[in-house]
Amino acid sequence: MDITKIIDPLNDSQRLAVTAPSQAMLVLAGAGSGKTRVLVHRIAWQIQVEGVSAHSILAVTFTNKAAKEMRGRIEDLLGIPAHTLWIGTFHGLAHRLLRRHAKQVKLPETFQVMDSGDQLRVIKRLLTTLNLDDAKWPPRQLQWYINAQKDEGIRARYMAATDDMYQRQMLAIYRAYEAFCDRSGLVDFAELLLRAHELFRENPDVLEFYRQRFRQVHVDEFQDTNTIQYAWLRLLTDGKDNLFVVGDDDQSIYGWRGAKIENIYSFQRHYPNHQIIKLEQNYRSTGNILKAANQVISMNDGRMGKELWTDSGDGDLISLYAAFNEQDEAYFVVERIRAWVNEGGARSDAAILYRSNAQSRQFEEKLMATGTPYRVYGGLRFFERAEIKNALAYLRLMSNRNDDASFERVINTPTRGIGAKTLEDIRKIAREQSISLWAAAIVLINQGDLPGRASNALTGFLNLIKRLTEQSEDMELYEKVKLVVEKSGLVELYKKEKMEKGEEKIENLEELVNAARLFDFTQDQESEENLSELDMFLAHAALEAGEMQGDDIDDCVQLMTLHSAKGLEFKLVFLVGMEEGLFPSQQSVDDAGRLEEERRLCYVGMTRAMLQLHLTYAESRRLYGRESYPRPSRFLREIPGQYIQEVRMRATVSHPITAVKTKTSSLQVTSTYKLGQRVGHSKFGEGVVLQMEGEGAHERVQINFKQAGVKWLMLAYAQLKTL
DNA sequence: CCTCGATATATTTTT
DNA sequence: TATATCGAGG
């Protein structure tokens with residue numbers, strides 16, 4: 001047996017974690033310290049050396065991407081496919097359990113998964129039904145409230161009524177929402193987890209079965225688990241000392257959506273026989289970046305304690321640029337990226353990280369203007385697009401006619417002459433008789449007192465769904481999807497829309513058919529053989545919303561929020577908008593706990609950088625149409641000056657916060673150039689000065705190069721020669 | 001039923 | 001500032 005492949009690539013701490021005997025284990029893995037490697041090798045070790053069957057191993061992640069990567073790497077390491085290995089996201093695994101045990105958790109076989117968009121829609125609909133003003137009861141807040149309760153494992157029926165009117169109303173809505181979901185066979189994301197927990201808690205035999213089956217349980221990004229996820233893990237592993245978790249308290253950045261960093265602390269109480277191993281050697285960043293990041297994070301209280309180090313050198317200093325305004329900031333960043341690319345760097349190795357999405361625009365504009373390919377993460381995802389959701393709603397209705405959310409969605413999309421009045425009648429009957437909208441529609445037609453036209457339209461809709469169901473019965477999955485796309489009238493609807501938009505939507509629908517054709521329903525066969533291909537595809541669409549838009553085919557500059565950057569790495573990183581009120585965000589500054597999370601976010605951002613880290617802030621920023629003059633972020637002050645090189649040239653270079661801005665620039669270049677002056681540039685060759693603007697470090701000149709054409713250059717970097 | 005204009009509203013995101 | 005959503009009116 002060749003175990004060197006598993007052991008050799010590991011450092012001492014990693015090896016300790018990988019080869020430890022079965023026991024409760026907490027691996028505190030710093031950024032870039034090889035946490036996935038430990039998890040992958042640990043599992044391979046158990047299979048190959050400890051003789052644990054892949055069938056008896058469970059590994060849980062947060063994202064599908066992480067799950068996929070882990071499975072891939074384990075299979076690579078073992079050299080064989082490991083399809084009996086249960087590895088997936090909390091939600092994916094919960095879903096699998098609920099499908100297998102639908103009866104025990106009182107769900108219909110064809111229950112459908114709602115994404116957050118669906119959920120919001122349902123809540124809005126519910127408010128209208130309950131005659132509540134959605135200005136007074138903002139749907140988003142209600143959604144937040146409901147999910148927060150569920151994340152804590154709290155069901156509406158177990159909540160005591162309070163005297164507080166507001167609380168009472170919220171609870172009433174939560175109740176109504178639960179009732180609606182039950183009636184329609186709909187399950188939201190939080191519900192997947194909650195019900196999977198209840199499955200274990202209320203069915204000792206089921207729980208015992210899985211406790212027996214899973215001899216080893218592994219969890220990735222443990223610091224991101226919420227209350228219900230951890231409770232679920234505990235049911236599965238209590239008293240068994242077989243829980244192996246990997247996480248980093250310093251990278252907990254999802255507290256605002258229920259993640260409990262405390263779970264790391266509780267782990268030590270709940271599993272008294274645990275062992276803790278710290279991974280502190282970093283294989284990603286240079287020494288300066290790590291030392292600076294260590295300093296920043298050390299400002300937080302109550303850490304587990306961890307200090308990253310590297311045995312590769314200090315590297316470059318971190319650069320800090322004080323931009324005049326957000327335009328200048330973008331200009332600086334884009335120029336730096338161009339310089340990087342000119343020197344042979346790949347664009348995809350450069351990332352611009354910001355605190356909030358609204359900041360991306362200025363960079364996009366500048367990148368666009370310079371013709372630099374870029375990619376923005378975080379847009380609408382494929383399965384979340386309206387046209388896709390419409391098509392899926394038809395499919396869902398075919399699978400489960402009680403799915404009222406889907407019924408509402410497509411009954412009049414495209415418009416087919418079913419008016420608000422008819423719809424209201426249907427809802428009324430559904431409410432009175434506690435039946436689905438579909439059933440209510442049939443009742444309404446049979447009553448016969450509907451105006452002829454409305455009755456025909458409604459019958460037409462019901463028949464359409466029935467026809468689609470019958471016709472597609474023996475079809476392949478992709479043919480079903482194709483049939484729906486063609487016969488639902490969606491294509492005709494989008495053909496009528498403004499050329500470009502409509503065109504794109506039709507293309508997306510075609511892409512959906514294609515996705516169905518490529519859908520690999522064999523990959524989860526082990527557990528879901530009783531599920532129809534269609535239902536598997538629908539679940540896949542909800543649980544894995546697909547890649548964000550854009551292709552990775554091109555060599556693109558990467559733009560994303562700090563949150564989405566977690567887990568990624570780039571040679572060149574720009575952390576922009578380092579300003580009080582922006583980062584840390586205004587909402588976090590007067591709450592110690594939230595401020596610490598912002599600091600962890602800063603730590604995450606800094607540790608994304610492999611070679612170069614550039615920090616920027618603007619002295620003046622236009623945001624939401626308002627001009628503001630923010631102070632530099634406190635996080636900048638927390639980085640010792642010795643790791644920083646200020647890019648702005650000033651008379652006196654000192655610490656950024658304390659430095660007084662002087663008008664006297666150290667760069668008296670303004671007089672050097674005149675309009676029409678002939679200059680030389682190392683890359684662009686010879687040219688003539690056309691315009692100048694800005695002062696000091698901000699001074700830019702426009703030059704008409706003989707070869708390269710007209711360009712704006714920043715004097716501080718251009719290294720021009722007068723000719 | 002659709003279009004236009006008024007209005008609110010703007011961290012962070014995966015599942 | 002930009003966008004999304006909603007209600008009135010053609």
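In the text below, chain A, chain B and the rest are named by the order of the sequence lines, each starting its count at 1. Because only heavy atoms are used, hydrogens play no part in the values below, and waters and symmetry mates are left out as well, while side chains stay in.
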Report summary line: Taking B/dT12, B/dT13, B/dA10 as options, the one with an atom nearest any side-chain atom of A/Tyr624 is B/dA10

Query raised in the report: A/Arg381 side chain: which of B/dT15, B/dT13, B/dT11 is closest?
Result: B/dT15

Requested in this report: Assess A/Arg99 against A/Phe111: is NZ or CZ under 6.0 Å from the centre of the six-membered ring, and within 45 degrees of the ring's axis?
Outcome: yes

Requested in this report: Go through the N and O atoms of the side chain of A/Arg257 and the base of B/dT14, and report whether any donor-acceptor pair is under 3.5 Å.
Outcome: yes

Report task. Tell me what A/Arg622 touches on the nucleic acid: a base, only sugar-phosphate, or nothing, going by heavy atoms under 4.0 Å. Result -> sugar-phosphate

Query raised in the report: Using a cut-off of 4.0 Å on non-hydrogen atoms, how would the nucleic acid contact of A/Glu598 be classed: base, sugar-phosphate, or nothing?
Result: base

Query raised in the report: Hey, what's the ring geometry for A/Trp232 with A/Phe200, parallel, tilted or perpendicular (30° and 60° as the breaks)?
Result: parallel

Requested in this report: Provide, to the nearest angstrom, the distance between the CH2 atom belonging to A/Trp256 and the P atom belonging to B/dT13.
Outcome: 6 Å

Query raised in the report: With respect to the phosphate group of B/dT13, does any side-chain polar atom (N or O) of A/Thr561 fall under 4.0 Å of OP1 or OP2?
Result: yes

Query raised in the report: Quantified in whole Å, what is the C1' atom distance between nucleotide C/dT3 and nucleotide B/dT14?
Result: 24 Å

Requested in this report: Respond yes when some side-chain nitrogen or oxygen of A/Asn357 is under 4.0 Å from OP1 or OP2 of B/dT12, and no when none is.
Outcome: yes

Query raised in the report: Can you tell which of B/dT12, B/dC1, B/dT15 lies closest to the side chain of A/Asn412?
Result: B/dC1

Query raised in the report: In the strands shown, is B/dA10 matched to any nucleotide by a Watson-Crick or G-U wobble pair with both distances under 3.5 Å, and which?
Result: C/dT1

Query raised in the report: Taking CH2 from A/Trp144 and P from B/dT12, how many angstroms apart are they, rounded to a whole number?
Result: 12 Å

Query raised in the report: What is the nucleic acid contact for A/Thr89, judged by heavy atoms within less than 4.0 Å: base, sugar-phosphate only, or nothing?
Result: sugar-phosphate

Requested in this report: May I ask you to check whether A/Asp535 and A/Ser399 show a side-chain donor-acceptor distance below 3.5 Å?
Outcome: yes

Requested in this report: Please list, in 5' to 3' order, the outermost nucleotides of DNA chain C lying under 4.0 Å from any heavy atom of chain A.
Outcome: C/dT1 to C/dA2

Query raised in the report: How long is the line joining CD of A/Gln587 and C1' of B/dT9, in whole Å?
Result: 13 Å

Query raised in the report: Do A/Glu544 and A/Thr89 come within less than 4.5 Å of each other through their side chains, counting heavy atoms only?
Result: no

Report summary line: Syn within 90° of 0, anti beyond: B/dT11 is syn

Query raised in the report: Would you say the side chain of A/Arg125 lies within less than 4.5 Å of the side chain of A/Phe180, judging by non-hydrogen atoms?
Result: no

Query raised in the report: Over how many whole Å does the gap from A/Arg140 atom CZ to B/dT9 atom C1' extend?
Result: 11 Å

Query raised in the report: What is the distance, rounded to the nearest whole Å, between atom CG of A/Asp134 and atom C1' of B/dA8?
Result: 12 Å

Report summary line: Whole-Å distance, A/Asp115 CG to B/dT15 P, equals 12 Å

Query raised in the report: Taking atom types as modelled, is there a side-chain donor on A/Gln327 or A/Glu329 under 3.5 Å from an acceptor on the other?
Result: no

Requested in this report: Mind calculating the distance between NE2 (A/His91) and C1' (B/dT15) to the nearest angstrom?
Outcome: 4 Å

Query - Pairing residues for A/Phe570 by the ring-ring contact (aromatic ring centres under 6.0 Å, His included) criterion, not counting sequence neighbours - result: none

Query raised in the report: In whole Å, what separates the P atom of B/dT12 from that of C/dT5?
Result: 16 Å

Query raised in the report: Between B/dC2, B/dT11, B/dT13, which one does the side chain of A/Ser588 approach most closely?
Result: B/dT11

Query - Whichever of A/Phe90 and A/Ile418 has its nearest DNA chain B nucleotide further upstream toward 5' - result: A/Ile418

Query - Salt-bridge contact A/Asp182-A/Arg155 (side-chain N to carboxylate O under 4.0 Å) - result: no

Query raised in the report: Between A/Thr63 and B/dT14, is there a side-chain N or O to OP1/OP2 distance below 4.0 Å?
Result: no

Report summary line: dist A/Leu543:CG -> A/Leu192:CG (nearest 0.5 Å) comes out at 6.0 Å

Requested in this report: Report yes if the ring of A/Phe62 lies under 5.5 Å from the six-membered base ring of B/dT15 with planes under 30°, and no otherwise.
Outcome: no

Query raised in the report: What nucleotide, of B/dT15, B/dC1, B/dT13, holds the atom closest to the side chain of A/Thr415?
Result: B/dC1

Requested in this report: Return no unless some side-chain N or O of A/Asn64 is found under 4.0 Å from OP1 or OP2 of B/dT15.
Outcome: yes

Query raised in the report: Rounded to the Å, how far apart are A/Arg355 CZ and B/dT13 P?
Result: 8 Å

Query raised in the report: Is there a donor on the side chain of A/Ser116 or the base of B/dT15 sitting less than 3.5 Å from an acceptor on the other?
Result: yes

